[in-house]
**Student:** 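Got a structure for you, questions after.
Reminder, nothing fancy here: chain letters follow the sequence lines and each chain counts from 1.
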Amino acid sequence: MVPHPVSIRELQRETHDTFTLTLEPPDRDQGLSFIPGQFTMLYLFGTGEVPISISGDPAYPMRLVHTIRAVGSVTRTMQHMQRGSMLGVRGPFGKGWPVEEARGKDIVIIAGGIGLAPLRPVIYHLLRERGDYEHISILYGARCPADILYSRELESWGGRFDVDVSVTIDYATTDWYGDVGVVTSLLDKVRCDPGKTVVMTCGPEIMMRFAARELNRIGITDEHIYVSMERNMQCAAGTCGHCQYGPSFVCKDGPVFRLDRIRPFFGTREI
Amino acid sequence: MQDRANHRFVVTRHDFSMLLATLRERGYLLLGPTLRDQAIVYDEINGAEDLPAGWTDEQEAGQYKVKRRDDNALFAYNVGPHSWKKFLQLPSLTLWKAQKTDNGFKVEERDEATPRMAFIGVRPCELRAIAVQDQVLTGGDHIDPDYARRRKHAFIVTVQCTQAGNTCFCVSMGTGPRAEEGFDLAVTEIIDTHRHEFVIEAGTDTGAEILARVPHRSASEADWQNAQSATQRTAEQMGRQIETSGIRELLYRNAEHPRWDEVADRCLACTNCTMVCPTCFCTAVEDVTDLAGQTAERIQRWDSCFNSRYSYIHGGIVRPSTRSRYRQWLTHKLAYWHDQFGSSGCVGCGRCISWCPAGIDITEEVAAIRANDGGGMEQGRKTNE
Ligand SMILES: Cc1cc2nc3c(=O)[nH]c(=O)nc-3n(C[C@H](O)[C@H](O)[C@H](O)COP(=O)(O)OP(=O)(O)OC[C@H]3O[C@@H](n4cnc5c(N)ncnc54)[C@H](O)[C@@H]3O)c2cc1C
Ligand code: SF4
Ligand code: SF4
């Protein structure tokens, strides 16, 4: 429960407010193994600690990667740190994406904004074991073209013949020739067999709610939809109480939940 | 412990002081009830002389008052504002410290000696509350090391309840007024015009061993019957009750009940109920540095789901309304807890009722929801969609 001091190896700008940190893993021999979808607690000396998903490739545990949007006291300071500076890290914590259950199925990934970061490890995994999965579609929504995260990778995934990538933005600018509108509007184009599809979605709660509704409408049931939830977290071990979501603790029962398991709470106001 | 029937003794009022003295000699820090600031609180005591002899209390929703009795009973009061939680899960605790170094920082884990504590006067509902906290803080994959250390050596002297308070409802929750297990010693105080003595039962070998050092006689069948009927009478005097059958499902299906709006109009979100509750376990951490910025520490403090910060995430507070916070608190206690920890989170001690400045009564709120089960449905589900 004590943060391990680790140094920043690389700090890469992604967009005007988002950056990727590559940290030295706490264990320099073994690295930090994780399941796609898990997160760590990153500590900034004397300031605070924040839950951040691991956004790197699970096949490379020596590279501990996080993609962070600078929004407040801790994350804004992290944005301006230097190579070699120290952060504290605890984890990994939580339950991840259903990579095993999804084998042999069509996969639909739906991400909004920074929500693509927690999904990137699972995308790496799917592409590495491409033969084990059927159709793979990645639907991504960002606010504007400048906010598109991992744009180079999205382009390269989109260039493959075996993955469908669609990107939409909320507000069009003159240099944008792609789709405009909410990410759920991309669902109509998706190639999948609703009876044997697994959906993984991460983004603002409202986006995930709309996505679930559309998915249900096209015949994909809650048992095949996985969502990543966000709540305040202080301990990440299920004892501080803050991340409770109905009877679940997001830190240990989630953050990734199979939708049918949280259905009574999903969409209930202020639960 | 085997053969409990052979470990029942009677100790006189005079020798009861010796029991506490023996525990002290054994190196235990004595913690027990004492009268302070017009309330019976739990604190460090020197011996039986610090117990609230001759004092009792009167409680009602939003009310607590100590009162003199016309005898010198040591334990003839009901639970006050404190619970044993404050000794096991400290209200404020430094988890670790970190020191700045040339190329970063170094973290030092705390390694403090923990006192061996003897809790004198743990009520059956409180004993159950400790068991509930054990489950929360040490029953899962992660074990709270500080709690576990304190808990491990705690010696528990339970006092069986020989009178019920107006806000008590342990019978409904199946937690009292007589404890059958979980204690080292369990005491029933017997006081009338011609005697003042304690029927004491040992629940562990350590308990039996301590008791053996105190002058006593074996309890007769009559002594034991006497002790049993004292708690039996208490069970019949319960001030309040909750119908618990199907309570989990009741609350799950009434998340949109209009009663939540009604109680929100009265609730001040003051956090009192969560602070006095012996099972509420939520904590928050704060990261601070010294003025020079060289030393940082993480301090863990009791927190409350009634605080707005509690559910803060960037972009908004998850539970901005008092309605949602009260609903969270009550539903957690009586419904979610079953899923999370396999028991109710409420032990029926009544503290949250007595110490609520608005006199909000958990038993009444549940009854109101039950009386109009499904009452929220005709309003339609309130969702953001
Ligand atoms: C499981 C999980 C995974 C996450 N993964 C990522 C990620 O990969 N990339 C990313 O950019 N963001 C992620 N977040 C959100 C990120 O934790 C918050 O943006 C961050 O805590 C904001 O901290 P701050 O101090 O900069 O902001 P402030 O608004 O100043 O917040 C103050 C404090 O409140 C708490 N807090 C604020 N927002 C959140 C939040 N959303 N969740 C939990 N605690 C919060 C933190 O303790 C924070 O230090 C994740 C959140 C969760 C719960
Ligand atoms: S909810 Fe109220 S009655 Fe129940 S254990 Fe907590 S303080 Fe006691
Ligand atoms: S229920 Fe009563 S004690 Fe609890 S927060 Fe509301 S006003 Fe305070």
Side-chain angles (χ1 to χ4, degrees), chain A residues 1-8 41 43-51 69-75 84-88 93 114 204-206 209-210 212-213 230-249 251-253 264-271, chain B residues 95-96 98 100-101 103-109 136-137 140-142 144-145 252-253 255-256 280-289 293 295-298 300 303 305 309-315 318-321 323-325 327-328 331-332 335-340 381-385:
Chain A
M1 292 307 281
V2 169
H4 294 277
V6 297
S7 67
I8 299 177
M41 296 296 285
Y43 167 66
L44 181 64
F45 184 81
T47 307
E49 201 182 35
V50 292
R69 204 174 124 210
V71 295
S73 53
V74 173
T75 51
S85 310
M86 292 273 222
L87 290 177
F93 299 109
I114 184 75
E205 236 174 279
I206 180 93
R209 278 207 293 273
F210 277 116
R213 200 159 69 184
E230 207 179 311
R231 284 292 180 271
N232 186 292
M233 283 176 194
Q234 313 253 324
C235 74
T239 59
C240 78
H242 288 254
C243 70
Q244 286 177 88
Y245 179 51
S248 306
F249 289 91
C251 73
K252 61 175 182 154
D253 304 322
F265 310 97
F266 193 69
T268 303
R269 230 172 30 134
E270 299 185 21
I271 201 83
Chain B
L95 294 178
W96 45 260
K100 239 199 177 120
T101 60
N103 57 351
F105 59 90
K106 207 170 84 223
V107 184
E108 297 151 16
E109 266 190 86
V136 173
L137 298 172
D141 291 339
H142 172 71
D144 178 330
Y252 270 93
R253 67 177 173 261
E256 305 294 358
C280 274
F281 60 84
C282 290
T283 53
V285 294
E286 194 188 350
D287 288 299
V288 294
T289 49
T295 311
E297 58 185 299
R298 177 164 299 166
Q300 176 184 287
D303 197 4
C305 53
R309 271 192 346 268
Y310 181 89
S311 65
Y312 170 81
I313 57 176
H314 171 75
V318 173
R319 297 185 203 98
S321 69
R323 170 186 183 275
S324 64
R325 293 186 210 161
R327 176 179 71 185
Q328 170 63 21
T331 311
H332 183 215
Y336 301 154
W337 213 292
H338 287 279
D339 294 284
Q340 297 172 342
R381 264 166 60 84
K382 291 183 190 167
T383 66
N384 280 340
E385 284 171 38

**Student:** Heavy atoms, side chains only, cut-off 4.5 Å: are B/Trp96 and B/Glu297 in contact?
**Tutor:**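 In short, these two side chains do not touch, never coming nearer than 4.5 Å.
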**Student:** Side chain, backbone, both or neither: which part of B/Ser321 has a non-hydrogen atom closer than 4.5 Å to chain A?
**Tutor:** both
**Student:** Please look at A/Met233 and chain B and tell me whether the side chain, the backbone, both or neither of the residue comes under 4.5 angstrom of a heavy atom of that chain.
**Tutor:** neither
**Student:** Do the non-hydrogen side-chain atoms of B/Arg323 and B/Arg327 ever get within less than 4.5 Å of each other?
**Tutor:** yes
**Student:** With respect to chain B, which residue among A/Ser248, A/Gly238, A/Ser85, A/Ala237 yields the maximal number of heavy-atom pairs within a distance under 4.5 Å?
**Tutor:** A/Ala237
**Student:** Contact part of A/Gln244 toward chain B, heavy-atom cut-off under 4.5 Å: side chain, backbone, both or neither?
**Tutor:** both
**Student:** Please tell me if the side chains of A/Glu49 and A/Met41 come closer than 4.5 Å, counting only heavy atoms from C-beta onward.
**Tutor:** yes
**Student:** Using a 4.5 Å cut-off on heavy atoms from C-beta on, say whether the side chain of A/Pro247 contacts that of A/Phe265.
**Tutor:** yes
**Student:** Give, as side chain, backbone, both or neither, the part of B/Pro320 having an atom under 4.5 angstrom from any heavy atom of chain A.
**Tutor:**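 It is both, since atoms from each part get that close.
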**Student:** Find the one option among B/Gly140, B/Ala284, B/Ser311 whose heavy-atom pairs under 4.5 Å with chain A are most numerous.
**Tutor:**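 Counting heavy-atom pairs under 4.5 Å, the top option is B/Ala284.
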**Student:** B/His332 and ring-ring contact (aromatic ring centres under 6.0 Å, His included): which partner among B/Trp337, B/Tyr310, B/Tyr252?
**Tutor:** B/Trp337
**Student:** Whether the side chain of A/His242 engages the backbone of B/Thr283 through a donor-acceptor N/O pair (distance < 3.5 Å, no angle test) should be reported.
**Tutor:**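 Side chain of A/His242 to backbone of B/Thr283: a pair is present.
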**Student:** Can you tell which part of B/Asp141 gets under 4.5 Å to a heavy atom of chain A, answering side chain, backbone, both or neither?
**Tutor:** neither
**Student:** Taking atom NE2 of A/His4 as the centre, does the number of heavy atoms from other residues, nucleotides or ligands within less than 6.0 Å exceed 12?
**Tutor:** no
**Student:** Does any heavy atom of chain B fall under 4.5 Å from the side chain of A/Pro3, the backbone, both, or neither of them?
**Tutor:**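 Both backbone and side chain of A/Pro3 come within 4.5 Å of chain B.
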**Student:** Given the side-chain rings of B/Phe105 and A/Tyr43, with only the six-membered ring counted for Trp, is the space between their centroids under 6.0 Å?
**Tutor:**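 That pair passes the under 6.0 Å test.
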**Student:** Measuring heavy-atom distances to chain A, does B/Val318 have an atom under 4.5 Å in its side chain, in its backbone, in both, or in neither?
**Tutor:** both
**Student:** With a 4.5 angstrom heavy-atom cut-off, could you sort out which part of B/Val285 is near chain A: side chain, backbone, both or neither?
**Tutor:**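 When you check distances to chain A, atoms from both the backbone and side chain of B/Val285 fall under 4.5 Å.
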**Student:** At a heavy-atom separation under 4.5 Å, does A/Leu87 approach chain B through its side chain, its backbone, both, or neither?
**Tutor:**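 A/Leu87 touches chain B through backbone heavy atoms alone.
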